[in-house]
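Quick caveat: nothing in here was measured; it's all calculated off a predicted structure.
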Amino acid sequence: MMDARENAYVLWFDELRRADVGLVGGKSSSLGELTSSVDVPVPYGYATTASAYRYFMEKTGQNKKIHKMLQELQDVEDSVELHEVCTKIRESICSATMPEDLAEQIGKAYEDLAEKVGEKNPFVAVRSSATAEDLPDASFAGQQDTYLNVTGRDMVIRKVKECYASTFTDRAVYYRAKKNFDHENVALSAAVQMMADAKAAGVMFTVNLATGADDSIMIEGSWGLGEYIVQGTVTPDNFVVDKDSLTITSRRINEKSIELIRKEGGDVEERKVEPERAKAQVISDEQIAQLADYAKRIEKHYGCYMDMEWAVDHKDRLWILQARPETVWSKKNKEKKSEEETVMTTDHNVLVKGLPASPGMAAGKCHVITDPKDIDTFKEGEVLVTTMTSPDWVPAMKKAVAIVTDAGGMTCHASIVSRELGIPCVVGTKSRSVEATGVLKTGQDITIDARNGIVYDGIVADLVKKGTPAAQAAGTAAVAAEYFPPTGTRVLMNLGDPDLADKYASLPCDGIGLMREEFIWTTFIHEHPLYLIETGRPEKVVDMLAEGISKVCRALAPRPVVLRFSDFKSGEYRNLKGGDKYEPEEPADLLGWRGASRYYDPKYTDAFRLELKAVRKVREEYGLKNLNCMIPFCRTVDEAEKVTAIMREEGLERGPDFKLLLMAEIPANILLADRFNKFVDGYSIGSNDLTMLILGCDRNNDTVASLFDERNLAIKRAIRHLIKVAHRDGKTVSICGQAPSVYPDFTEFLVKSGIDYVSVNPDMVKSTRLNVARIEQRLMLDAATGRGVVDQEDYEL
């Protein structure tokens, strides 16, 4: 018998069950199941149906238009062609007028919802929901869009139409093509659900994600809406609850300094959280127990491990926003249960806690080093434990299976380098509990959970087992078919260690935005350049620099590589062999003899010329013309003129195939950009030093480190000004500091500001590429629908 609902355009949640995927898709059917069959509080709502989508496409003539445009798409592997076709399709859908009768039903349902909940123009979330189980969306979530805090009948209708348009994102079309799924048979539902005015929100799992233990419920939460947890913008509070007794067996309260909240009139905005609340537990123990009880009910009903989203509103009411089967541990525990029972240990004795700077699990023997002179004693495969690292620690870091430090934050040297090397790292243990160097002992077996910033005593087998080579290989195979859309804002990669170039060359980056020369000095050369000149071995500098640089240029060719000339501080140069003789004692070497000021100084210029000879060797002898250069820490326009004059003397002059950038990391670089423009082809923003110098705040000083924030309005104004002045003279602007790697919302600011390139660490290339594509698509949709981009703050100097 035919289901009468199949011809309906709108169905309420309590009319739906999880079997109705074909009618309203996975999200909507799951919300219906929760509302209808499970005794948990779910914000009410309705869903547009597959019939509504098909009616819209037919009535507006979009089917024929899309069919014609898809016929123009000859090769989905051609990312530029794919992007152009998909953009035209989405613009066509967004510009179409919603059929009057369909608009009436969607709008009437919104008004009925308002009456049911007793609110005028309530805030709702409009979520896309694919209506076929075998759509790519089933395996590759996030291809369609979600809109938060939508209010008003007309806006809801518009957002439903934009959900329809998101059926044809580059990524969704690519995967349907690869799976031989007919684009024109796809249908999409939009779930229109009451927004919980969340003062806190998060996620919840009926299996411990760190261990796979199914006798626990894991709950994570932060202030405001839950999107920042999913994006990784904040480190949430984490609670592990015993499934039988509902008692909390583990809690970790993290500092949650920003929140995403409802903006007046609709949409969302970011707000800073006052320090006292930032450090406070996000929900009460009673609410944690209640959430865990809801999780148990949902798991029992579905009969499998569950992944859920929750919120608590300003009236302290708890809500379950979504629920879906958890996939990773469900499969692993089935396949490996008997094997794990023989090897698992449950002795999780926490020694220290810190910030999860570079994710991963590792175990090994601890080696505590507090003096750089002892670096040579460090052995391959040990866990490096120290107060803090600097460039001269890189040789030891490359041997380490994991790194733990007393001091530091997410943008400190240890964090940056460990993410690039791809090894687990926990930093800032001093600020979180006790100093790692005081608790951990050389030779002691420890386990590092760098996903959660925890160091355990002994080898905890159930944590590190996931990191076996076989598991890693399986993970690689699973993402081999990933598609990353082309973007107008190019995504570059930061790289220092030439030995990693081949490993990371396959990442979807447009080139190297920052190759740090210091890695080659500390890892391969080891000796001070002036010492090598004095001892008659200057060719060692030229040859070894050329060898390291060429590795990167070959691996990335024909994509461009930007080499930053040496930027050691005097204390770091002094640690190179023979350095004591040539380096001054500077109490504040951050502001001392570094960068450009060395290059023209008679005491050092001979060493700088060796770097230039190495660059020329790579470009001319090796024929690697994709190599470009960058001048760091250039204080004055006069310095820029002097350095470029030396470069010309050494046969390196700007031209069509050789670009010279200036590291924009000093306020003078921003304020005098109109003057610096004469000597360079573009800029690369060093947001770390720029933030320190604008705010007068040393990020490595624990006393004031909390004030260090690249997203401060002063920094944003400086960046916006630089882009404006640089573009006026046809110069490009990139950013190679840590902010885009750590804060996805900062990337959005950069894209909206018109930046040309965003350069991030290797571990962030994929997510940044997708984030940039999402932002650009949103800007194009805004333009297509007549909505401009409005800054939330005044960024003009």
Side-chain angles (χ1 to χ4, degrees), residues 357-359 389-391 394 397-398 409-423 425 484 487 489-523 548-549 551-553 555-556 559-568 595 626-633 659 661-665 682-691 699 710 719 732-744 746-747 750 755-769 771-772:
S358 178
T389 66
S390 60
V394 171
M397 297 173 77
K398 291 179 68 174
M410 297 298 285
T411 60
C412 70
H413 179 269
S415 300
I416 295 169
V417 175
S418 60
R419 286 196 290 266
E420 182 172 307
L421 294 173
I423 57 176
C425 178
F484 296 92
T487 54
T489 308
R490 299 301 187 187
V491 177
L492 305 174
M493 179 168 63
N494 300 332
L495 189 69
D497 186 352
D499 289 341
L500 298 176
D502 286 330
K503 174 182 177 182
Y504 293 133
S506 60
L507 287 172
C509 69
D510 297 302
I512 299 295
L514 171 65
M515 179 183 176
R516 293 181 287 268
E517 209 181 272
E518 292 80 25
F519 270 78
I520 302 176
W521 286 99
T522 57
T523 307
I549 296 166
K551 278 185 182 180
V552 179
C553 291
L556 272 294
R559 291 169 287 178
V561 172
V562 176
L563 171 76
R564 184 180 69 185
F565 292 130
S566 60
D567 190 28
F568 277 134
N626 60 330
L627 175 60
N628 304 286
C629 292
M630 178 158 58
I631 304 171
F633 221 80
K659 304 300 180 185
L661 304 183
L662 182 75
M663 194 90 168
E665 54 191 335
Y683 300 85
S684 186
I685 299 163
S687 60
N688 299 341
D689 278 3
L690 183 64
T691 301
R699 65 190 173 116
E710 298 101 317
I719 290 173
T732 61
V733 180
S734 175
I735 186 168
C736 58
Q738 290 303 299
S741 291
V742 179
Y743 306 114
F746 192 77
T747 303
L750 295 170
I755 201 162
D756 301 285
Y757 304 93
V758 175
S759 193
V760 296
N761 293 331
D763 64 314
M764 291 299 294
V765 167
K766 292 181 179 180
S767 59
T768 301
R769 168 74 74 182
N771 190 31
V772 168

Taking the basic N atoms (NZ, or NE/NH1/NH2) and the acidic carboxylate oxygens, is any pair closer than 4.0 Å for Arg769 and Asp510? yes

Side chains of Met515 and Val562, heavy atoms from C-beta outward: is any pair under 4.5 Å? no

Between Arg516 and Arg564, is there a donor-acceptor pair closer than 3.5 Å when you use the side chain of the first and the backbone of the second? no

Go through the structure and list residues passing salt bridge (Lys or Arg N to Asp or Glu O under 4.0 Å) with Asp502, not counting sequence neighbours. none

Check: Val772 and Thr747 side chains under 4.5 Å, non-hydrogen atoms: yes

State the CG-CG distance between Leu563 and Asn628, to the nearest 0.5 angstrom. 9.5 Å

Using side-chain heavy atoms (C-beta onward) and a distance below 4.5 Å, is Phe633 in contact with Asp567? yes

If you compare all heavy atoms of Phe568 against all heavy atoms of Thr522, which two are closest, and at what distance to 0.1 Å? CZ-CG2, 3.5 Å

Kindly write out the residues that satisfy salt bridge (Lys or Arg N to Asp or Glu O under 4.0 Å) with Lys551, not counting sequence neighbours, or none if the list is empty. Asp499

If only atom types and distance count, is the side chain of Ser418 paired as donor or acceptor with the main-chain N or O of Ser415 below 3.5 Å? yes

For Ser684 against Met630, the heavy-atom pair lying closest together: CB-SD, 3.3 Å

OG1 of Thr489 to CD1 of Ile755, rounded to nearest 0.5 Å, is 8.5 Å

Got a sec, which residues hit salt bridge (Lys or Arg N to Asp or Glu O under 4.0 Å) with Asp689, two or more places apart in sequence or on another chain? Arg594

Side chain to side chain contact (heavy atoms under 4.5 Å, CB included) assessment of Val491 paired with Lys766: CA-CA 9 Å; Val491 177; Lys766 292 181 179 180; over 6 Å; no

How long is the gap from CE on Met764 to CG on Asn771, to the nearest 0.5 Å? 8.0 Å

From Tyr757 OH over to Cys509 SG, what is the distance, rounded to the nearest 0.5 angstrom? 13.0 Å

With side chains defined as the heavy atoms from C-beta onward, is the minimum distance between Ile631 and Leu661 less than 4.5 Å? no

Quick one: list whatever passes salt bridge (Lys or Arg N to Asp or Glu O under 4.0 Å) with Arg490, sequence neighbours left out. none

So do the side chains of Ser734 and Val758 get within less than 4.5 Å of each other, counting heavy atoms only? no

Could I get the full list of ring-ring contact (aromatic ring centres under 6.0 Å, His included) partners for Phe746, not counting sequence neighbours? Phe749

Would you say Ile423 and Ser358 make side-chain contact, with heavy atoms under 4.5 Å? no

Could I get the full list of side-chain hydrogen bond (donor to acceptor under 3.5 Å, both in side chains) partners for Thr389, not counting sequence neighbours? His413

Return the set of residues passing side-chain hydrogen bond (donor to acceptor under 3.5 Å, both in side chains) with Asn626 (not counting sequence neighbours), or none when no residue passes. none

Could you list the residues that satisfy side-chain contact (heavy atoms from CB on, under 4.5 Å) with Pro762, not counting sequence neighbours? Glu420, Met493, Tyr504, Leu507

Rounded distance [0.5 Å steps], CZ in Arg559 versus SG in Cys553: 12.0 Å

Stepwise side chain to side chain contact (heavy atoms under 4.5 Å, CB included) check, Cys629 with Lys659: CA-CA 7 Å; Cys629 292; Lys659 304 300 180 185; over 6 Å; no

Please find the pair of heavy atoms, one from Ala414 and one from Cys425, that lie closest to each other, and give the distance. O-SG, 4.0 Å

Taking C-beta and beyond as the side chain, do Phe519 and Val417 meet within less than 4.5 Å on heavy atoms? yes

Would a 4.5 Å heavy-atom cut-off, applied to side chains only, mark Ile685 and Val733 as touching? yes

What are the two closest non-hydrogen atoms of Phe565 and Glu518, and how far apart are they? O-OE2, 4.0 Å

Scanning both residues in full, the closest heavy-atom pair of Asp756 with Thr732 reads OD2-CA, 3.3 Å

Listed partners of Glu665 passing side-chain hydrogen bond (donor to acceptor under 3.5 Å, both in side chains), at least two apart: none

Using side-chain hydrogen bond (donor to acceptor under 3.5 Å, both in side chains) as the criterion, list what pairs up with Asn494, not counting sequence neighbours. Ser759

Give, for atom CG of Leu750 and atom CD1 of Ile719, the distance between the pair rounded to the nearest 0.5 Å. 5.5 Å

Taking all non-hydrogen atoms of both residues into account, name the closest pair between Pro498 and Val552 and its distance. CA-CG2, 3.8 Å

